[in-house]
K.L.:
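Submitted below is the structure of interest, expressed as structure tokens.
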Amino acid sequence: MVKLKLYILFITVFFLCSRSYAQKQNENPLVGVWQLIGVDGKINDHTTLPSGKIPGTISYKIFSSSGEFWNIRQWEQKEWAEVWAKGTYTITSESTYTEKLEHFTDDTMGDEGEDSLLTYTLSPDQNMLFIQWKLPKSRVEGREAWKRIDKTTSP
């Protein structure tokens with residue numbers, strides 16, 4: 001378990017510190033490391049994921065100050081983790097941003113290079129992030145709740 005925590009810490013530090021500085025943190029409230037605390041999803045108006053945490057996993061979302069993101073899934077019963085989605089993101093308004101997928105392990109996510117528009121809300125202290133999304137070209141939609149666990153930015 002210690003190896004796994006060190007691995008997650010290494011990945012987080014590597015991704016956040018190896019990118020060039022693009023925006024100051026106060027200009028980009030998404031920058032940092034977030035842990036998934038709740039999710040629900042629907043396909044064709046039918047619930048597919050129960051509200052709450054995805055069973056057996058701990059999921060992280062990392063937003064860098066250079067406009068890149070990574071979704072990392074850690075399996076609770078195994079000593080490994082995977083980057084299951086990565087790409088770039090652009091904030092388009094105070095409540096929306098786009099993600100452009102460059103890599104993902106779940107083929108229901110869409111096509112590589114495709115833009116997905118997501119709606120987000122931050123808590124007043126900016127330590128909770130609520131995301132609502134709908135995948136392009138499908139009837140899959142969902143909501144996620146994330147808790148900030150690190151505000152580290154690229155140097």
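All values below come from the heavy atoms of this structure, side chains included, with hydrogens, waters and symmetry mates left out.
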K.L.:
Using modelled atom types only, decide if a donor and an acceptor are shared between the side chain of R148 and the backbone of Q126 within a distance under 3.5 Å.
P.N.:
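Answer holds: yes.
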K.L.:
Check L122 against P29 and note the closest heavy-atom contact, atom names and distance.
P.N.:
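Minimum heavy-atom contact is CD1-CB, 3.3 Å.
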K.L.:
Say whether Y60 and D150, considering side chains only, have a donor N or O and an acceptor N or O under 3.5 Å apart.
P.N.:
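No, D150 and Y60 have no side-chain donor paired with an acceptor closer than 3.5 Å.
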K.L.:
Could you pull out the closest heavy-atom pair between S65 and V31, with the gap in Å?
P.N.:
CA-CG2, 3.7 Å
K.L.:
Can you tell if the side chain of Y89 reaches within under 4.5 Å of the side chain of N28, non-hydrogen atoms only?
P.N.:
yes
K.L.:
Holding to side chain to side chain donor-acceptor pair (under 3.5 Å), I want the full list of residues that pass it with Y120, two or more places apart in sequence or in another chain.
P.N.:
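Side chain to side chain donor-acceptor pair (under 3.5 Å) check on Y120 returns nothing, list empty.
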K.L.:
Mind checking whether L129 and L30 have side chains closer than 4.5 Å, heavy atoms only?
P.N.:
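Side chain of L129 against side chain of L30, heavy atoms only: contact under 4.5 Å found.
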K.L.:
With rounding to the nearest 0.5 angstrom, report the CD to CD distance, Q74 to Q35.
P.N.:
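That separation rounds to 8.5 Å.
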K.L.:
How many angstroms lie between atom CD1 of I149 and atom CD1 of I62, to the nearest 0.5 angstrom?
P.N.:
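Spacing of CD1 (I149) from CD1 (I62) equals 8.0 Å.
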K.L.:
Nearest 0.5 Å, what's the OG1-CZ distance between T121 and F130?
P.N.:
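Answer for the OG1-CZ pair, T121 versus F130, is 8.0 Å.
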K.L.:
About how many Å separate CD of E99 and OG1 of T88, when rounded to the nearest 0.5 Å?
P.N.:
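Here the rounded value is 9.0 Å.
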K.L.:
I need the minimum non-hydrogen distance between D125 and N127, along with the two atoms involved.
P.N.:
OD1-N, 3.0 Å
K.L.:
Of all residues at least two apart in sequence or in a different chain, which pass the salt bridge (Lys or Arg N to Asp or Glu O under 4.0 Å) check with K86?
P.N.:
none
K.L.:
How many angstroms lie between CG in L36 and CD1 in I131, if you round to the nearest 0.5 Å?
P.N.:
9.0 Å
K.L.:
Which residues pass the side chain to side chain donor-acceptor pair (under 3.5 Å) test with W146, sequence neighbours left out?
P.N.:
E144
K.L.:
Working to the nearest 0.5 Å, report the span between CD1 of I72 and OG of S59.
P.N.:
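If I round to the nearest 0.5 Å, the distance is 10.0 Å.
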K.L.:
According to side chain to side chain contact (heavy atoms under 4.5 Å, CB included), who are the partners of T98, at least two apart in sequence or on a separate chain?
P.N.:
T90, T92, L117
K.L.:
What is the minimum heavy-atom distance between I91 and S93, and which atoms define it?
P.N.:
CG2-O, 3.2 Å
K.L.:
With under 30° as parallel and over 60° as perpendicular, where do the rings of F69 and F63 fit, or are they tilted in between?
P.N.:
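Aromatic pair F69/F63 classed tilted.
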